[in-house]
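As the structure lists them, so they are numbered: ligands from 1, and atoms in each ligand from 1.
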Amino acid sequence: MAQKIVAGNWKMNLGKEEKMELLKGLKLSDIPNDVNAIVFPTSLYISDLAKSLTKIEVGVQNFSNQNNGAFTGEISISQIKSVGATIGLIGHSERRAYYQENNAFLKSKVDHAINEQFKFIFCCGEPLSIRESGQEFLFVKNQLQESLFHLSAEEMMNGIIAYEPVWAIGTGVTASSEQAEDMHKSIRSWIEEKYTVEVANSVSILYGGSCKPSNAKELFACPNVDGGLIGGASLNASDFHAIINSF
Ligand code: 13P
């Protein structure tokens with residue numbers, strides 16, 4: 001069974017005190033035991049947040065594909081682990097679009113994370129022009145094939161993928177539950193084709209893109225949606241709390 005996960009990607013928002021306030025407002029004791037809640041703060045604040053949290057995992061929005069050395073501005077997995085982060089994002093569409101992270105580069109991050117035994121959420125999703133041309137399934141399958149599907153079955157087991165259609169991110173336009181389920185079902189079937197049904201059923205496939213309290217229940221009720229990667233709505237404690245409790 002795939003693990004249920006709700007993760008808040010705070011992107012480059014909120015100072016340290018605001019982050020602490022937000023976490024206080026989350027009513028941590030109400031997080032259901034079968035839901036893994038994660039927050040992805042700005043890296044600078046990981047240490048403070050990780051120290052103060054028990055029921056929520058703290059993750060990093062980005063990490064280097066190198067161990068150490070002359071890589072100005074980068075942060076290594078061992079440095080990240082040392083301040084308490086347990087998971088990282090790979091391939092968010094904003095990193096693909098603004099920092100030119102392509103499928104081959106993202107593959108190197110996947111390999112590095114596997115070597116360093118660092119858990120990750122691999123993000124995929126098509127831009128609007130691709131959806132409008134009807135090529136979204138081909139596009140997403142290609143992202144997975146070029147960056148992720150070279151892993152062994154053992155490495156793929158219990159993996160986490162986030163499907164985030166770019167046209168739904170930060171736009172207020174959510175994919176309908178049918179659109180989300182169609183893509184999630186396809187992703188699971190590609191994993192089954194490449195690996196086994198056991199591997200496919202063990203992978204958590206999260207939806208991201210204008211997910212909010214008003215649509216989370218319907219999205220999370222889809223058979224192949226195992227949770228969400230939440231941007232804007234995770235910056236508001238009561239909205240994020242409601243989404244975490246939407247299964
Ligand atoms: P929004 O929820 O703000 O659309 O952002 C989604 C996202 O990019 C999460 O990684």
Asks: Would you name the heavy atoms of S93 and V166 that are closest together and state the gap between them?
Replies: CB-CG2, 3.8 Å
Asks: Would you say the side chain of Q3 lies within less than 4.5 Å of the side chain of D226, judging by non-hydrogen atoms?
Replies: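 Not touching, per the 4.5 Å side-chain cut-off.
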Asks: Short N/O distance, under 3.5 Å, between N9 and ligand 1?
Replies: yes
Asks: Using side-chain heavy atoms (C-beta onward) and a distance below 4.5 Å, is P32 in contact with F247?
Replies: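 Heavy-atom side-chain distance check fails, nothing below 4.5 Å.
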Asks: Considering only the protein, which heavy-atom contact is closest to atom 9 (C) of ligand 1, and what is its distance?
Replies: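 Here the nearest protein heavy atom works out to E164 OE2, 2.8 Å.
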Asks: I would like to know whether Y163 and E126 meet side chain to side chain donor-acceptor pair (under 3.5 Å); could you show each step before the answer?
Replies: CA-CA 9 Å; Y163 169 59; E126 80 286 357; 2.8 Å; yes
Asks: Just heavy atoms, cut-off under 4.0 Å: does C123 contact ligand 1 by side chain, backbone, both, or neither?
Replies: neither
Asks: Can a non-hydrogen atom of K11 be found less than 4.0 Å from any atom of ligand 1?
Replies: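 Yes.
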Asks: Could you list the atoms of ligand 1 found under 4.0 angstrom from a heavy atom of A168?
Replies: 4 (O)
Asks: Taking only heavy atoms of G232, which atoms of ligand 1 are found under 4.0 Å from at least one of them?
Replies: 1 (P), 2 (O), 3 (O)
Asks: With backbone taken as N, CA, C and O and side chain as the heavy atoms from C-beta onward, which portion of I169 lies under 4.0 Å from ligand 1: side chain, backbone, both, or neither?
Replies: both
Asks: Test your reading of the structure: does G231 have an N or O sitting under 3.5 Å from an N or O of ligand 1?
Replies: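 Between G231 and ligand 1, an N or O pair is found under 3.5 Å apart.
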Asks: Return yes or no for this condition: an N or O of G208 is under 3.5 Å from an N or O of ligand 1.
Replies: no
Asks: Do the charged groups of E116 and K81 touch, with an N to O distance under 4.0 Å?
Replies: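 No, E116 and K81 are not salt-bridged.
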Asks: Could you tell me whether E193 and K141 make a salt bridge, using a distance below 4.0 angstrom between a side-chain N and a carboxylate O?
Replies: yes
Asks: Does any N or O of ligand 1 fall below 3.5 Å from an N or O anywhere on L229, backbone included?
Replies: no
Asks: Taking the six-membered ring for Trp, are the ring centroids of F63 and F120 within less than 6.0 Å of each other?
Replies: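 No, the ring of F63 stays outside the 6.0 Å limit from the ring of F120, centre to centre.
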Asks: Could you check if a side-chain atom of L235 sits within less than 4.5 angstrom of a side-chain atom of F240, using non-hydrogen atoms only?
Replies: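 With C-beta onward as the side chain, the pair stays apart.
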Asks: Relative to the heavy atoms of G170, which atoms of ligand 1 are at a distance of less than 4.0 Å?
Replies: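 Listed by number with element: 1 (P), 3 (O), 4 (O).
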Asks: Under 4.0 Å from a heavy atom of G209: give me the atoms of ligand 1 that qualify, with their elements.
Replies: 4 (O), 6 (C)
